[in-house]
Amino acid sequence: MATGTAFVSTPRSNRLLAALPPKDYDGLLPLLKPVSLPLGMALYESGGLQGYVYFPTSSIVSLLYVLEDGSSAEIAVTGCEGLVGIALFMGGETTPSRAVVQSAGQGYRIRAAALKTKFEAGGALQLLLLRFTQALITQMTQTAVCNRHHAVDQQLCRWLLLSLDRLPANDLVMTQELIANMLGVRREGVTEAAGKLQADGLIEYSRGRITVLDRARLEARVCECYAVVKKEYDRLLPQGVLESV
């Protein structure tokens with residue numbers, strides 16, 4: 001969606017919810033409550049019990065692993081294509097990662113016990129959540145490979161594209177310090193990488209706001225990791241995938 005276009009959040013703004021058959025969607029709808037997700041809000045902490053599962057619509061949530069010295073690195077992002085809180089229905093109940101709002105916006109939440117009951121009933125919802133989980137694992141795996149083998153500017157391109165795929169606009173509000181924390185690199189590395197992209201006319205960066213000017217060239221610059229993740233999400237979670245379930 002182009003920048004400046006008014007966005008109205010509804011449950012169907014989340015692609016997982018939108019992919020549910022009408023009967024399953026209608027059964028879940030009364031249990032969903034709208035929620036504002038401000039920048040920096042922690043949806044759950046490492047090792048903490050998860051009281052709710054969140055379905056973002058216009059926000060992005062980062063899954064972070066925090067080391068003992070306080071440094072952190074992003075292991076995955078979730079936005080309108082998914083949910084936050086897979087440990088609940090995968091049987092783990094807790095997780096060693098944190099979930100923090102990276103880009104402020106709206107979403108819906110459902111009580112953990114309510115979603116777990118729906119999941120255990122099987123059917124379309126269970127299949128959809130399991131497919132999303134597989135796609136999320138792919139993103140986590142590819143992020144680890146990317147951070148180990150690819151240059152910071154390629155990592156930044158991947159991060160920008162994954163974020164844009166999960167937002168209703170073409171820009172992000174994000175400081176270089178926060179980006180560095182997400183990527184697990186030094187701030188100077190992000191400054192240099194963002195400067196290259198801006199000098200080449202791919203992005204515009206000013207006062208903590210990044211606007212993508214040429215997505216096609218950004219996709220040409222990125223490493224293969226972005227395509228691997230996007231292909232897996234598209235394969236597992238196409239529009240209307242469960243209409244026949």
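As the structure is a prediction and not an experimental result, all values here were calculated from the model.
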Within 6.0 angstrom of Arg215 CZ, more than 12 heavy atoms from elsewhere: yes
Point-to-point distance, once rounded to the nearest 0.5 Å, from CD of Gln126 to NZ of Lys118: 13.5 Å
Backbone of Tyr205 reached by a side-chain donor or acceptor of Gln198 within 3.5 Å: yes
Closest contact, heavy atoms only, Ser163 versus Ile60: O-CD1, 3.3 Å
Any donor-acceptor N/O pair, Glu81 side chain to Gly79 backbone, under 3.5 Å: yes
Check against side-chain hydrogen bond (donor to acceptor under 3.5 Å, both in side chains), Glu74 and Gln102: CA-CA 10 Å; Glu74 185 178 78; Gln102 172 203 114; 3.0 Å; yes
Spacing of Ile86 atom CD1 and Thr133 atom OG1 [to the nearest 0.5 Å]: 4.5 Å
Verify same cluster id: Leu218, Leu213 (apolar side-chain graph, 4.5 Å): no
Pairwise side-chain contact, Arg109 with Val53, heavy-atom cut-off 4.5 Å (strictly under): no
Tyr25 six-ring centre to Arg12 NZ/CZ under 6.0 Å and within 45° of normal: yes
Co-membership, hydrophobic cluster, residues Met140 and Tyr54, 4.5 Å side-chain: yes
Heavy atoms from other residues, nucleotides or ligands near CZ of Phe119 exceed 12 (cutoff 6.0 Å): yes
From CA spacing to verdict: side-chain contact (heavy atoms from CB on, under 4.5 Å), Ser97, Leu64: CA-CA 5 Å; Ser97 63; Leu64 301 166; over 6 Å; no
Close side-chain approach of Ser103 to Leu167, heavy-atom, < 4.5 Å: yes
hydrophobic_cluster_shared for Val228 and Leu236, side chain cutoff 4.5 Å: no
Side-chain donor or acceptor of Gln155 paired with backbone N/O of His150 under 3.5 Å: yes
Which atom of Leu197 lies closest to which atom of Cys157, heavy atoms considered: CD2-SG, 3.8 Å
Distance in Å, Arg217 CZ paired with Leu202 CG, rounded so as to fall on 0.5 Å steps: 4.5 Å
Heavy-atom side-chain contact between Ser9 and Tyr108 under 4.5 Å: yes
Leu164 vs Val212 side-chain heavy atoms within contact, under 4.5 Å: yes
Check: Arg98 and Tyr44 side chains under 4.5 Å, non-hydrogen atoms: no
Stepwise side-chain contact (heavy atoms from CB on, under 4.5 Å) check, Arg221 with Asp153: CA-CA 9 Å; Arg221 180 81 67 93; Asp153 61 331; 4.2 Å; yes
side-chain contact (heavy atoms from CB on, under 4.5 Å) evaluation trace for Leu16 with Leu128: CA-CA 7 Å; Leu16 276 185; Leu128 186 62; 3.5 Å; yes
Nearest non-hydrogen partners of Pro56 and Thr78, listed with the distance: CG-O, 4.3 Å
Nearest heavy-atom neighbours spanning Val222 and Arg158: CG2-N, 3.3 Å
No-hydrogen, no-angle side-chain donor-acceptor test under 3.5 Å, Tyr226 and Asp165: yes
Leu237 vs Phe132 side-chain heavy atoms within contact, under 4.5 Å: yes
Pairs of donor and acceptor atoms involving the side chains of residues 28-42, under 3.5 Å and at least two apart or interchain, shall be tabulated with distances.
unit_1 : atom_1 : unit_2 : atom_2 : d
Ser36  : OG     : Gln106 : OE1    : 3.3

Lys196/Asp200 ion pair, N-O < 4.0 Å: no
Under 3.5 Å: donor-acceptor pair, side chain of Asn14, backbone of Gly82: yes
Nearest heavy-atom neighbours spanning Thr10 and Thr57: O-CG2, 3.6 Å
Heavy-atom side-chain proximity of Val77 to Thr143 below 4.5 angstrom: no
Taking every non-hydrogen atom, the tightest pair across Asp24 and Leu125: OD2-N, 4.2 Å
Atom pair NZ (Lys230) and CG (Leu161), whose distance is rounded to the nearest 0.5 Å: 10.0 Å
Arg111/Tyr52 under side-chain hydrogen bond (donor to acceptor under 3.5 Å, both in side chains): CA gap, chis, key distance, verdict: CA-CA 5 Å; Arg111 289 192 178 275; Tyr52 296 92; 3.3 Å; yes
Exam field: side chain Thr141 to backbone Ile137, donor-acceptor pair closer than 3.5 Å: yes
side-chain contact (heavy atoms from CB on, under 4.5 Å) evaluation trace for Leu160 with Ile203: CA-CA 10 Å; Leu160 286 171; Ile203 68 170; 4.2 Å; yes
Any Glu45 side-chain heavy atom under 4.5 Å of Gln50 side chain: no
